[in-house]
Amino acid sequence: MTRIATLDPATATGRAGELLAATQKQLGRAPNLYRSMAQSPIALEAYLAFRGVLTKGRLSTKMMESIALLTAVKNDCDYCVAAHSFRGAKIGMSEHELALTRAGQADNARDSAALRFIELLIERHGVIGDADFMALKQVDWNDAEIGEMIAHVALNMFSNYFNHVAQPELDFPAIAQSMAA
């Protein structure tokens with residue numbers, strides 16, 4: 001049951017309508033999570049602005065999607081697991097890569113270290129030990145990239161938590177629990 005109603009982009013007015021129209025133009029649709037978020041145009045605008053700025057960073061699209069997917073798995077957010085599995089496939093991630101990412105793994109040491117860091121960051125509520133930090137540095141992640149990883153986790157925590165409260169109807173292909181983690 002949806003707790004925070006979704007707005008229809010065709011009838012939404014004011015800032016909510018503008019944001020949903022822009023989202024539809026950019027993504028080809030307005031996902032139900034965004035349509036619920038639009039009940040608070042400030043929340044949706046903040047989310048979209050944060051996401052928009054982060055796409056200009058140093059991390060690859062694949063790493064950004066991997067962080068989003070793993071964060072969703074760690075937060076038990078079925079909606080976001082489905083959305084980011086769908087998006088990952090759209091950007092060219094194979095089913096094998098998606099499954100590895102959902103398990104917190106990757107085919108190479110550098111990406112594996114990043115995903116391990118993301119898991120620890122979430123599990124330990126941001127309290128990271130020196131050895132965990134150095135594990136990233138040893139595989140050539142730099143301070144700017146690490147900062148962006150943290151920002152991507154924060155962005156995705158926001159969408160995961162919003163989803164848990166709003167409970168919008170799933171409008172992406174569902175991911176079986178056995179595939180999610």
*Asks:* Checking Ala21 now: which residues fulfil side chain to side chain contact (heavy atoms under 4.5 Å, CB included) with it, not counting sequence neighbours?
*Replies:*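 Result, side chain to side chain contact (heavy atoms under 4.5 Å, CB included) vs Ala21: none returned.
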
*Asks:* Specify the closest pair of heavy atoms between Arg110 and Trp141, including all atoms of both residues, with the distance to one decimal.
*Replies:* O-NE1, 2.8 Å

*Asks:* For Glu97, enumerate each residue passing the salt bridge (charged side-chain N to carboxylate O under 4.0 Å, His left out) test, keeping only those at least two apart in sequence or located in another chain.
*Replies:*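 Glu97 satisfies salt bridge (charged side-chain N to carboxylate O under 4.0 Å, His left out) with Lys62 only.
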
*Asks:* Work out which heavy atom in Phe158 is nearest to a heavy atom in Met37; give both atom names and the distance.
*Replies:*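 Reported closest heavy-atom pair: CE2-SD, 4.0 Å.
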
*Asks:* With no hydrogens and no angle check, do the side chains of Arg3 and Ser36 hold a donor and an acceptor under 3.5 Å apart?
*Replies:* no

*Asks:* Considering only heavy atoms from C-beta outward, does the side chain of Thr23 approach that of Gln26 to under 4.5 Å?
*Replies:* no

*Asks:* In terms of heavy-atom contacts, does CZ of Arg58 have more than 12 from other residues, nucleotides or ligands at under 6.0 Å?
*Replies:* no

*Asks:* Taking distance alone, no hydrogens or angles, what donor-acceptor pairs closer than 3.5 Å link side-chain atoms of residues 122-136 to residues at least two apart or in another chain?
*Replies:*
unit_1 : atom_1 : unit_2 : atom_2 : d
Glu123 : OE2    : Lys74  : NZ     : 2.6
Arg124 : NH1    : Asp132 : OD2    : 2.4

*Asks:* Are the charged groups of Arg35 and Asp171 less than 4.0 angstrom apart, N to O?
*Replies:* no

*Asks:* Sequence neighbours left out, what passes ring-ring contact (aromatic ring centres under 6.0 Å, His included) with Phe117? Give chain and number order.
*Replies:* none

*Asks:* Is it true that atom CD1 of Ile42 has more than 12 heavy atoms of other residues, nucleotides or ligands lying nearer than 6.0 Å?
*Replies:* no

*Asks:* Looking only at non-hydrogen atoms, find the nearest pair between Tyr34 and Leu44 and report the distance.
*Replies:*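 Scanning both residues, the minimum pair turns out to be O-CD2, 3.8 Å.
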
*Asks:* Ion pair present between Lys90 and Glu65, side-chain N to carboxylate O less than 4.0 angstrom?
*Replies:* no

*Asks:* Can you name the nearest heavy-atom pair linking His84 to Leu98, along with the distance?
*Replies:* O-CD2, 4.4 Å

*Asks:* Other hydrophobic cluster members with Met1, side-chain heavy atoms of Ile/Leu/Val/Met/Phe/Trp/Tyr under 4.5 Å, chained?
*Replies:*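 Reading the cluster by chain and number, Met1 sits alone, since nothing else belongs.
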
*Asks:* OG1 of Thr6 to CG of Asn32: how many Å apart, nearest 0.5 Å?
*Replies:* 5.5 Å

*Asks:* Any side chain to side chain donor-acceptor pair (under 3.5 Å) involving residues 157-167? Give me the pairs, sequence neighbours left out, ordered by first then second residue.
*Replies:*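 Checked against side chain to side chain donor-acceptor pair (under 3.5 Å) - neighbours excluded - the pairs reaching residues 157-167 are Asn75-Asn160.
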
